[in-house]
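As structure tokens, the structure follows; a few thoughts come after it.
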Protein chains: 2
Amino acid sequence: MSRSNPRVLSTLERAGGFASAQEIYRLMQREGESIGLTTVYRSLQSLVNDKIVDVLRRDDGEAIYRLCGDAHHHHLVCKACGDTVEIEGGAIEKWAKVMAEEHGFRDVGHTAEIFGICSKC
Amino acid sequence: MSRSNPRVLSTLERAGGFASAQEIYRLMQREGESIGLTTVYRSLQSLVNDKIVDVLRRDDGEAIYRLCGDAHHHHLVCKACGDTVEIEGGAIEKWAKVMAEEHGFRDVGHTAEIFGICSKC
DNA sequence: GTGGGAATGAAAATCATTTTCATTTGTGAT
DNA sequence: ATCACAAATGAAAATGATTTTCATTCCCAC
């Protein structure tokens with residue numbers, strides 16, 4: 001296993017905490033950093049594993065990474081501009097728990113996202 | 001421009017109104033329908049243009065299509081055996097609507113899935 | 001210094017999706 | 001029926017993100 005290259009995280013931060021792997025790679029190149037695309041992907045994966053960054057999907061399917069706060073949250077994403085709002089999901093937590101119990105599931109987790117067009121678009 | 005091949009739509013319906021292009025293609029092949037992957041993609045694009053189907057992204061980035069306005073459901077998936085249960089998500093629909101309104105989003109959709117270990121595993 | 005495991009990156013492989021292009025099909029006019 | 005032309009089709013190549021492979025380099029404990 002490989003650990004994350006710290007320059008990747010710092011570039012993601014500088015990018016406004018929101019960028020795709022390819023964008024981070026290009027950014028680092030432009031800034032004269034010597035790094036391989038492979039390492040960028042590996043670092044991002046490891047950051048996702050460590051729950052330091054979050055991964056979402058753009059409409060075209062490209063994965064975008066963003067720094068995430070520590071609390072478990074969900075996202076409201078604009079399909080047009082990609083703007084993202086972190087929202088609270090208490091209702092979901094409850095729903096997931098009830099549904100899991102009802103069907104005898106244990107060790108449950110869940111994903112939930114809302115997407116639409118934001119007021120600016 | 002090409003119009004949608006009706007067999008694609010009917011296969012999507014039969015698939016539970018929720019499938020990727022590749023899945024639809026494989027399904028049609030298995031059922032002995034003669035069709036090319038290109039046509040499946042083209043038909044789906046055209047259905048999306050006509051707003052007859054909706055497109056979302058799976059976590060792995062693959063595009064999934066579903067009939068618009070179809071009362072959609074959610075899934076409870078076992079991480080161990082892959083068994084899947086369809087569950088009702090009224091709570092989610094409400095949550096999504098409230099959150100969207102609160103943040104001024106329109107044309108909203110959502111995804112939600114619960115995963116865990118089922119009683120048999 | 002030396003050995004071994006971790007990190008790196010170039011190049012090849014993978015996979016969904018799109019594009020190209022030659023062929024087939026359908027349709028309407030004659 | 002025949003001709004002409006637009007639309008539909010699909011095989012194969014192109015594209016683009018991501019992953020895998022593998023040989024090399026780096027680093028640290030001994």
Side-chain angles (χ1 to χ4, degrees), chain A residues 1-12 15-68 77 79 82 84 111 113 115, chain B residues 1-12 15-66 82 111 113:
Chain A
M1 287 298 113
S2 65
R3 210 112 24 91
S4 158
N5 180 318
R7 288 174 295 152
V8 170
L9 180 54
S10 99
T11 304
L12 179 57
F18 211 137
S20 75
Q22 304 278 345
E23 284 162 1
I24 290 171
Y25 175 64
R26 273 179 246 128
L27 240 159
M28 293 181 79
Q29 294 237 304
R30 222 174 296 132
E31 291 173 357
E33 300 241 33
S34 162
I35 195 166
L37 186 53
T38 314
T39 303
V40 172
Y41 274 106
R42 265 194 293 240
S43 293
L44 288 170
Q45 272 174 334
S46 140
L47 288 168
V48 169
N49 276 348
D50 297 349
K51 300 199 194 311
I52 293 167
V53 311
D54 239 4
V55 56
L56 315 175
R57 292 278 170 182
R58 264 209 294 252
D59 252 15
D60 66 353
E62 194 173 349
I64 47 181
Y65 302 84
R66 83 198 293 267
L67 296 166
C68 69
V77 186
K79 285 194 280 193
T84 300
T111 59
E113 274 190 31
F115 43 87
Chain B
M1 287 296 114
S2 65
R3 209 107 29 85
S4 158
N5 181 317
R7 289 174 294 153
V8 170
L9 180 54
S10 99
T11 304
L12 178 56
F18 214 138
S20 75
Q22 303 279 345
E23 283 162 3
I24 290 171
Y25 175 64
R26 273 178 244 128
L27 239 158
M28 293 180 80
Q29 295 238 303
R30 221 174 297 134
E31 289 172 1
E33 300 240 34
S34 161
I35 196 166
L37 185 53
T38 314
T39 303
V40 173
Y41 274 105
R42 266 195 292 241
S43 293
L44 287 170
Q45 272 173 335
S46 138
L47 288 167
V48 169
N49 277 346
D50 298 349
K51 303 200 193 308
I52 294 167
V53 311
D54 238 4
V55 55
L56 319 173
R57 291 276 169 183
R58 261 208 299 249
D59 257 14
D60 66 353
E62 196 172 348
I64 48 180
Y65 303 84
R66 73 148 194 248
T111 58
E113 273 191 29

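Order of the sequence lines fixes the chain letters, A, B, ..., with proteins taken first and strands second; residue numbering starts at 1 for each chain. Excluded from the calculations below are hydrogen atoms, water molecules and symmetry mates; all remaining heavy atoms, backbone and side chain alike, are included. Source: prediction; values computed, not measured.
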Exercise. Over how many whole Å does the gap from A:Ile35 atom CD1 to C:dA7 atom C1' extend?
Worked result: 11 Å
Seminar exercise, completed: On a heavy-atom basis, the closest approach of A:Phe18 and A:Arg66 is CE1-NE, 3.7 Å
For this session: Decide if atom CG of B:Asp59 counts as having more than 12 heavy atoms of other residues, nucleotides or ligands within a radius under 6.0 Å.
Result: no
Problem set entry | Pairwise distance CD1(B:Ile24) to CG(B:Leu44) - rounded to 0.5 angstrom | 4.5 Å
For this session: Let me have a per-nucleotide readout for nucleotides 16-22 of chain D, 5' to 3', with B, S or -, counting only protein heavy atoms under 4.0 Å.
Result: -SBBB--
Exercise. Nearest-Å distance, CG (B:Asp60) to P (C:dA16)?
Worked result: 8 Å
Exercise. If you measure from CZ on B:Arg58 to CZ on A:Arg57, what distance do you get to the nearest 0.5 Å?
Worked result: 11.0 Å
Problem set entry | B:Tyr25 and its side-chain hydrogen bond (donor to acceptor under 3.5 Å, both in side chains) partner, picked from B:Glu23, B:Gln29, B:Gln22 | B:Gln29
Exercise. Reckon A:Asn5 has a side-chain N or O less than 4.0 Å from the OP1 or OP2 of C:dA7?
Worked result: no
For this session: To the nearest 0.5 angstrom, please state how far the CD1 atom of B:Ile35 sits from the OG1 atom of B:Thr11.
Result: 7.5 Å
Seminar exercise, completed: Rounded to whole Å, OH of B:Tyr25 lies from C1' of C:dT18 at a distance of 16 Å
For this session: Grab the CD1-C1' distance between B:Ile24 and C:dA16 for me, whole Å please.
Result: 14 Å
